[in-house]
Amino acid sequence: QVQLVESGGGSVQTGGSLRLSCSSSGSTTTTGWFRQAPDKEREGIAAIHRDGTTQYVDSVKGRFTISQDNARNTVYLQMNSLKPEDTAMYYCAARKNTLWYGPLAAASYNYWGQGTQVTVSS
C-alpha cells in the first residue's frame with residue numbers, strides 16, 4: 001500500500017505562486033495532480049511518469065509545471081500566475097502501472113492523498 005501526503009497549499013492573490021509537494025511512502029510510476037472546486041467534478045491537471053513524460057490540461061499549460069525527485073519519491077507542482085478560478089482542493093494520485101495511459105483520468109489511479117487547499121483571491 002502506498003500513502004501520499006500533499007503539502008504546500010495556501011492563500012495567495014491573483015498572479016501569485018505556490019508550490020505543492022506530494023510525498024509518497026513507496027515507489028510509483030505515474031503521479032497526477034487533480035483539483036476539485038465546490039460543486040465541480042474532480043479535474044486532472046498535470047501528470048508525470050517516472051521517465052519524465054508529462055501531460056497538462058490546457059487551462060494550466062504555461063503556468064503550472066510538474067516535476068519529480070525520484071530519489072525522494074516526491075512530485076512537485078509549481079503553480080505560477082494563479083487565478084481565482086484555480087481555487088480548489090488539490091489532490092495528488094499515483095499508480096504503479098508502467099503504461100502511460102489516461103494520465104489525467106482519475107479512474108486510472110489507485111492511490112490518493114488527502115488534499116491541500118489552494119485559494120486565490122482577486
Problem set entry | For Asn110, all residues meeting side chain to side chain contact (heavy atoms under 4.5 Å, CB included), sequence neighbours excluded | Arg95

For this session: Working to the nearest 0.5 Å, report the span between OG1 of Thr65 and CG of Leu77.
Result: 8.0 Å

Exercise. So do Gln68 and Thr31 actually touch side chain to side chain, heavy atoms under 4.5 Å?
Worked result: no

Seminar exercise, completed: Contacts of Gln3 meeting side chain to side chain donor-acceptor pair (under 3.5 Å) (sequence neighbours excluded), chain-then-number -> none

Exercise. Quick one: does Ser108's side chain have a donor or acceptor within less than 3.5 Å of a partner on Gly102's backbone?
Worked result: yes

For this session: Taking Tyr56 for its side chain and Arg63 for its backbone only, find out whether a donor-acceptor pair lies under 3.5 Å.
Result: no

For this session: Only pairs at least two apart or in different chains count here, so list each side chain to side chain donor-acceptor pair (under 3.5 Å) that has a residue in residues 8-26.
Result: Ser17-Asn80

Problem set entry | Listed once per pair and sorted, the salt bridge (charged side-chain N to carboxylate O under 4.0 Å, His left out) pairs that draw on residues 30-52, sequence neighbours left out | Arg35-Glu43, Arg35-Asp86

Problem set entry | Donor-acceptor under 3.5 Å (Glu6 side chain, Cys92 main chain) | yes

For this session: Could you pull out the closest heavy-atom pair between Trp100 and Thr54, with the gap in Å?
Result: CZ2-C, 4.0 Å

For this session: Spell out, yes or no, whether Leu18 and Met89 are grouped together once hydrophobic residues are joined by side-chain heavy atoms under 4.5 Å, including indirect joins.
Result: no

Problem set entry | Distance, nearest 0.5 Å, that separates NZ of Lys96 from OH of Tyr111 | 4.5 Å

For this session: Please confirm whether the backbone N or O of Leu99 pairs with a side-chain atom of His49, one donor and one acceptor, at under 3.5 Å?
Result: no

Problem set entry | Contact summary for Ala47 and Tyr109, nearest pair of heavy atoms | CB-OH, 3.7 Å

For this session: Using side chain to side chain donor-acceptor pair (under 3.5 Å) as the criterion, list what pairs up with Asn73, not counting sequence neighbours.
Result: none

For this session: Would you kindly confirm whether Val2 and Ile48 end up in one hydrophobic cluster when ILVMFWY residues are joined by side chain heavy atoms under 4.5 Å apart?
Result: no

For this session: Would you name the heavy atoms of Phe34 and Leu104 that are closest together and state the gap between them?
Result: CE2-O, 3.5 Å

For this session: Verify the cluster assignment for Val12 and Ile45: are they in a single hydrophobic cluster under the rule of side-chain heavy atoms below 4.5 Å apart?
Result: yes

Problem set entry | Any pair counted as ring pair (Phe, Tyr, Trp, His ring centres under 6.0 Å), so long as it reaches residues 64-98, sequence neighbours left out | none

Exercise. Any side-chain heavy-atom pair from Leu4 and Thr28 closer than 4.5 angstrom?
Worked result: no

Problem set entry | Residue pair Val75 / Ile66, side-chain heavy-atom distance below 4.5 Å | yes

